[in-house]
Amino acid sequence: MPNTLIIVNCEVVKPRVAAAEHISEFNEEARSPFVKKCKTLIHPGEVNRIRELPQCTNIVATHTDSPDVLIWDWAAQPNRHPVIGASESIPDVILTGHTDNATEFALAVCPAEPFVISGGRDNNVVMWSMQDALVSLYRQDTTSYWQLRHSERSSFTRKESVKIAPRGIFKGHDAAVEDVQFCPSSAVEFCSVGDDSCLIFWDLRSGNTPSVKVERAQQADLHCVDWNAHDTNLILTGSADNSVYMFDRRNLTAGQVASPIHKFEGHTAPILSIQWCPNRASVFASAAEDGILNIWDYDKVGNNKRTERAKARPAPPGLFFQHGGHRDKIVDFHWNPLEPWTIASISDDVASTGGGGTLQIWRISDLIYRPEEELQNPLISHLVFPNNETEDGFSDFRTIVFLTSSLEHDVFLLNCSRLSLTLCYHAW
């Protein structure tokens with residue numbers, strides 16, 4: 001089957017609607033009725049990473065295993081059927097500039113301006129402007145283009161892709177660049193990490209050379225980096241040494257070995273993706289080759305308030321939830337900025353199933369992250385015993401009570417009935 005880029009509409013289920021029968025009837029192999037395909041493109045080569053342009057959400061950039069970055073206006077692209085022998089969809093724009101194949105995951109878009117940056121095995125970071133691409137593609141003012149309806153944009157479909165040269169090529173790494181990230185509040189600052197274990201900060205006002213280059217940011221290859229949108233001094237890096245480091249860029253000095261604020265250890269395999277929570281300044285998530293997605297809260301580091309059960313099964317400092325629903329390595333994930341504590345994660349299941357990948361959309365129960373004092377009254381309200389108890393002390397009243405253990409990060413569904421007591425693990 002050909003490689004595909006699939007656009008879907010996802011219906012996010014409201015909180016606290018899970019019922020016991022839904023859990024018992026859950027089929028992991030079945031397609032979710034809440035995820036509906038709306039368009040399929042046949043992609044040239046593997047789709048290793050996809051990023052949406054914030055200024056126009058129907059424009060996406062994809063990283064494949066070639067030196068080029070491909071730009072798609074998916075709303076204007078014709079729908080395709082992924083059958084054997086089908087011809088590939090034609091990208092609207094091809095961004096050139098790398099001299100070697102791109103690394104799998106080094107791709108980012110700027111939240112402030114329509115800029116795209118990419119890292120490659122040529123050790124370079126390359127930047128393009130989508131303004132250049134759209135002016136060349138549609139021969140008109142880009143502001144007018146954003147205002148066109150989907151049907152009107154479809155009339156611009158071309159038989160050949162427009163190729164766009166980069167605005168800048170940035171040299172500073174001594175090995176492949178594994179990830180790149182823009183500063184959330186600036187269109188002229190970005191950072192990159194690579195297999196040389198370096199964390200490099202770039203500033204367009206300083207030219208094409210690093211503004212700060214931190215040697216040996218971690219003890220192994222760096223795979224991913226993210227910049228805190230609430231506090232732009234905080235930077236996360238993930239490494240092949242299975243750990244996540246948090247840095248304060250005010251304390252970073254060029255040429256020196258970095259000293260992190262904290263080292264987060266909770267994975268058993270290399271880190272592949274990290275991302276700050278858009279709703280909580282101290283919360284972030286990390287995903288790794290061990291198939292686990294961890295949720296961390298830096299504010300919980302050093303918190304000594306722990307139950308006896310938690311002391312018996314100590315968790316790494318700051319870790320307060322683990323999602324173990326994937327069978328293989330998690331290659332990418334995203335927080336939903338509009339639905340708090342909701343995440344979409346995807347795994348590469350080649351090793352476990354022989355091919356393909358799995359998309360999971362899930363939400364952390366509010367019983368996990370809300371303060372305990374806020375939860376007491378809602379939970380107690382469920383523990384209501386009716387007056388018509390039977391002679392054996394039980395009641396025909398049936399209720400469902402959620403119990404949580406915030407330090408073991410388990411959520412249990414307790415189903416209480418007259419003659420039965422069933423306890424089952426519920427993964428959110």
Side-chain angles (χ1 to χ4, degrees), residues 47-57 59-72 91 93-134 163-196 198-214 217 222-229 232 235-238 249 273-276 332 334:
V47 184
N48 294 324
R49 179 143 291 187
I50 178 171
R51 289 293 179 261
E52 178 186 81
L53 192 69
Q55 295 77 20
C56 186
T57 55
I59 302 289
V60 297
T62 57
H63 235 326
T64 183
D65 44 12
S66 76
D68 301 325
V69 174
L70 308 181
I71 302 298
W72 307 85
V93 178
I94 297 177
L95 305 180
T96 64
H98 282 294
T99 58
D100 199 349
N101 288 344
T103 52
E104 291 183 345
F105 306 125
L107 181 67
V109 294
C110 178
E113 295 289 340
F115 296 151
V116 178
I117 51 175
S118 164
R121 290 189 174 88
D122 54 8
N123 307 349
N124 296 333
V125 177
V126 182
M127 188 185 80
W128 301 267
S129 170
M130 285 302 300
Q131 298 284 8
D132 299 341
L134 294 175
K163 294 187 176 182
I164 299 298
R167 285 274 185 104
I169 299 178
F170 303 86
K171 300 178 180 292
H173 284 282
D174 298 320
V177 181
E178 293 288 349
D179 199 14
V180 289
Q181 194 63 244
F182 275 99
C183 176
S185 60
S186 173
V188 298
E189 296 178 88
F190 53 94
C191 62
S192 59
V193 294
D195 289 343
D196 54 4
C198 291
L199 167 62
I200 298 182
F201 292 88
W202 310 86
D203 192 324
L204 296 179
R205 295 164 295 192
S206 303
N208 292 19
T209 57
S211 57
V212 176
K213 181 176 181 178
V214 181
L222 295 181
H223 289 168
C224 45
V225 62
D226 198 31
W227 212 317
N228 193 316
T232 55
I235 304 288
L236 293 172
T237 61
R249 65 170 175 164
S273 184
I274 50 178
Q275 190 178 59
W276 287 100
D332 202 7
H334 276 283

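The structure presented is a predicted model; accordingly, all values stated were derived computationally and were not measured.
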Any side-chain heavy-atom pair from P54 and V109 closer than 4.5 angstrom? yes
Could you tell me whether the side chain of R49 reaches within less than 4.5 Å of the side chain of D332, counting heavy atoms only? yes
Mark yes or no for whether W227, through its side chain, and T232, through its backbone, hold a donor-acceptor pair below 3.5 Å. yes
Looking only at non-hydrogen atoms, find the nearest pair between I200 and P210 and report the distance. CG2-CB, 3.5 Å
Is the shortest heavy-atom distance from the side chain of E52 to the side chain of H334 under 4.5 Å? no
Side chains of V69 and L107: closer than 4.5 Å at any heavy-atom pair? yes
Sidechain-backbone polar pair: D196 side chain, D174 backbone, donor-acceptor under 3.5 Å: yes
To the nearest 0.5 Å, atom CG of L204 lies from atom OG of S211 at 10.0 Å
Quick one, N123 with K171, criterion side chain to side chain contact (heavy atoms under 4.5 Å, CB included). Give me CA distance, side-chain angles, the key distance, then yes/no. CA-CA 7 Å; N123 307 349; K171 300 178 180 292; over 6 Å; no
Answer with yes or no after comparing the ring centroid distance for F182 and W202 against a 6.0 Å cut-off, counting only values under it. no
Distance, nearest 0.5 Å, that separates CD1 of I117 from CG of N124: 13.0 Å
Taking the side chain as every heavy atom from C-beta outward, state whether C198 and V193 have any pair of such atoms under 4.5 Å apart. no
Nearest 0.5 angstrom please: D68 CG to K163 NZ, how far? 6.5 Å
Would you mind reporting whether F201 and L199 have side-chain heavy atoms less than 4.5 Å apart? yes
Least distance between heavy atoms, I50 atom then T62 atom: CG1-CG2, 4.1 Å
Got a second to check how far Q181's CD is from C110's SG, nearest 0.5 Å? 10.0 Å
I169 backbone acceptor or donor facing N208 side chain under 3.5 Å: yes
Carboxylate-amine/guanidinium contact R121 D195, below 4.0 Å: no
With a 4.5 Å cut-off on side-chain heavy atoms, are Q55 and P114 touching? yes
Are any side-chain N or O atoms of D226 and backbone N or O atoms of L236, one a donor and one an acceptor, separated by less than 3.5 Å? no
Starting at CD1 of I235, measure out to CG of N228 and round the result to the nearest 0.5 Å. 8.5 Å
Go through F190 and F170 one step at a time and tell me if the ring-ring contact (aromatic ring centres under 6.0 Å, His included) criterion holds. CA-CA 11 Å; F190 53 94; F170 303 86; 5.1 Å; yes
Quick one: are W128 and S118 in side-chain contact, heavy atoms under 4.5 Å? yes
Taking the side chain from H223 and the backbone from S273, do they hold a donor-acceptor pair closer than 3.5 Å? no
For V225, is there any backbone N or O sitting under 3.5 Å from a side-chain donor or acceptor partner on D179? yes
Report the C-alpha separation of D122 and H98 in whole Å, then their side-chain angles, then the decisive distance to 0.1 Å, and conclude whether the side chain to side chain donor-acceptor pair (under 3.5 Å) test is met. CA-CA 7 Å; D122 54 8; H98 282 294; 3.1 Å; yes
Picking from K213, H173, E178, what satisfies side-chain hydrogen bond (donor to acceptor under 3.5 Å, both in side chains) with S192? H173
